[in-house]
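Computed from a prediction, not measured in an experiment: that's the story for all the values here. Note: hydrogens, waters and symmetry copies are ignored here, and every other heavy atom, side chains too, is used. Chain identifiers are assigned alphabetically (A, B, ...) following the order of the sequence lines, protein sequences preceding nucleic acid strands; residue numbering begins at 1 within each chain.
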Amino acid sequence: MDARSHDVAVDLLAWYDTHARKLPWRSPPGGRAPDPYRVWLSEVMLQQTTVAAVKAYFAEFTRRWPTVHDLANAPEGEVMAAWAGLGYYARARNLLACALQVSARGGAFPETEDGLRALPGLGAYTAAAVAAIAFGQRAVVVDANVERVVSRLFAIEDPLPGSRPSIRRHADTITPDERAGDFAQAMMDLGATICTTRNPRCLLCPLSTVCVARQTGEPERFPVKAAKKARPQRQGRAFWIEREGAVWLVRRPGKGMLGGMRALPDDGWSARQDGSGKAPLEGAWEPAGVVSHGFTHFGLDLHVATYRGNETVSPGADGGEWWRLDALADAGLPTLFAKAVRLALATTGVDA
DNA sequence: GATCCGTGGAA
DNA sequence: TTTCCAAGGAT
């Protein structure tokens, strides 16, 4: 008996009935149908992001914007600032674009996978997840948890990402017609708590008797993954220009790295190349130190330079603004620049 | 299909 | 310390 001939869904759903995680965006067992707005918001926040990191953001977003109409009517700058620190900022831009589309059609999300897939920020995973969880549609929901669980259940030897089509076909064979949303969440709970990347807890797994990878004796070997490329290390500069209790902040271009977010001026560093080292104005710059930050595909050493003077300066770049130091917490800076700010503030420019 | 896009926690 | 990676999407 293995996963190819056993009704996996029955065992998994029975396990889920007693072991489901209690999460803020889930309706209580036997409770009302879930609110599609909250399901959608949580799924977008959870893209490549841990449950622990999402909780506070979900609470704040639903407090400030309880319905999709409230979110659609929010100023873009406020939404971007509220997203600051969560990462992958294109999600915030798409979130607002999606809210505007849904609000314009009366506030009701499409109920089909295809209809959801057409909305900004909803790819194959999120469209399937919302269709299943919010609307009870049968959909094959495949995220990183499901990839891991399925590749182990069937001991799929082909490496990711090439094995995705095969994993999806196998996932389809075990997806039930009923309780599609519970099944999807059960697979993800299993992956998050039992069938973990390292040290899977097979002794507690409801599917251990049918899992082919467990029978091989080395379940942790799955999913097989292709080798990764090395991350380059880049050098860049950020510039702290302070005057009369305020600092000069800019707004980054809408697309690309940290797109649309407030930031300190910099020297043009990117994933592709080091910065030019050129400052936005001539003057007596003082080094404040270096911030090391790891992005997905490159590392950055950000050298922070400070300029503090009372004479009039013209940082030049339009789109900037003087931002009160006592209100910096409200600027909505992404983590890289929040680190740089801490460094600059620590070197208060007190003359020796 | 490959690349780009954040962050923080775990081991 | 460094490496890996988590409820992926857009191009």
Counting any heavy atom closer than 4.0 Å, what does A:L336 reach on the DNA or RNA strands: base, sugar-phosphate only, or nothing? sugar-phosphate
Categorize A:P334 for me: base, sugar-phosphate, or nothing, with a 4.0 angstrom heavy-atom threshold over every strand shown. sugar-phosphate
How would you label the contact of A:K229 with the nucleic acid (heavy atoms, under 4.0 Å): base, sugar-phosphate, or nothing? sugar-phosphate
Closest non-hydrogen atom pair between A:F154 and A:V212, with its separation: C-CB, 4.1 Å
From CD of A:Q47 across to P of C:dG8 the rounded distance in Å is 7 Å
Which part of the nucleic acid does A:A144 contact within heavy-atom distance under 4.0 Å: base, sugar-phosphate only, or nothing? sugar-phosphate
Could you tell me whether A:G294 contacts a base, only the sugar-phosphate backbone, or nothing, with contacts defined as non-hydrogen atoms closer than 4.0 Å? base
Between A:N145 and A:R148, do the side chains contain an N or O donor and an N or O acceptor separated by less than 3.5 Å? yes
Among B:dG6, C:dG8, C:dA6, the one nearest A:L258 by side-chain distance: B:dG6
Are A:T67 and A:D70 linked by a side-chain donor-acceptor pair shorter than 3.5 Å? yes
Whole-Å distance between C:dG8 P and A:M45 CE? 15 Å
Is it true that A:E157 and A:R221 make a salt bridge, defined as a side-chain N closer than 4.0 Å to a carboxylate O? yes
A:R252 CZ - B:dG6 P separation (whole Å): 9 Å
A:L300 and side-chain contact (heavy atoms from CB on, under 4.5 Å): which partner among A:M257, A:R234, A:Q233, A:Q235? A:R234
Tell me whether the OP1 or OP2 atom of B:dT7 has a side-chain N or O from A:Y89 closer than 4.0 Å. yes
May I ask you to say what A:K255 touches in the nucleic acid, namely base, sugar-phosphate or nothing, with a heavy-atom cut-off under 4.0 Å? nothing
Heavy atoms only, 4.0 Å cut-off, all strands: where does A:S42 land among base, sugar-phosphate and nothing? nothing
With hydrogens left out and only the distance checked, is there a donor-acceptor pair under 3.5 Å joining A:T49's side chain and the base of B:dG6? yes
Without swapping roles, check the side chain of A:R117 against the backbone of A:L122 for a donor-acceptor pair under 3.5 Å. yes
Check: A:Q47/A:R91 side-chain N/O donor and acceptor closer than 3.5 Å: no
First of A:R272 and A:T335 reached from the 5' end of DNA chain B, by closest nucleotide: A:R272
For a quick check of understanding: with a heavy-atom distance under 4.0 Å over all strands, which category does A:L23 fall into, base, sugar-phosphate or nothing? base
Quick one: label A:A129 by what it contacts on the DNA or RNA (base, sugar-phosphate, nothing), any heavy atom closer than 4.0 Å. nothing
Is the distance from OP1 or OP2 of C:dA6 to the nearest side-chain N or O of A:T197 less than 4.0 Å? yes
Considering only atom C1', compute the distance from C:dA7 to B:dA2 and round it to an integer number of Å. 23 Å
Interatomic distance, A:H293 NE2 vs B:dC5 C1' [rounded to whole Å]: 11 Å
What's the closest nucleotide to the side chain of A:T296 if the choices are B:dG6, B:dA10, C:dA7? B:dG6
Using heavy-atom distances to pick each residue's nearest nucleotide on DNA chain C, tell me which of A:Q185 and A:R198 is more 5'. A:R198
Given DNA chain B, 5'-ward residue of the pair A:A52 and A:F298, judged by closest heavy atom: A:F298
Atom-pair distance (CD on A:E220; P on C:dC5), nearest Å: 11 Å
Could you check whether A:M188 gets within reach of a base, just the sugar-phosphate, or nothing at all, counting any heavy atom under 4.0 Å? base
Specify the separation, in whole Å, of atom CG of A:L300 and atom P of B:dT7. 11 Å
Whole angstroms only, please: what is the CZ-C1' distance between A:R93 and B:dC5? 9 Å
For A:W83 and B:dT7, give me the distance from atom CH2 to atom P, rounded to whole Å. 13 Å
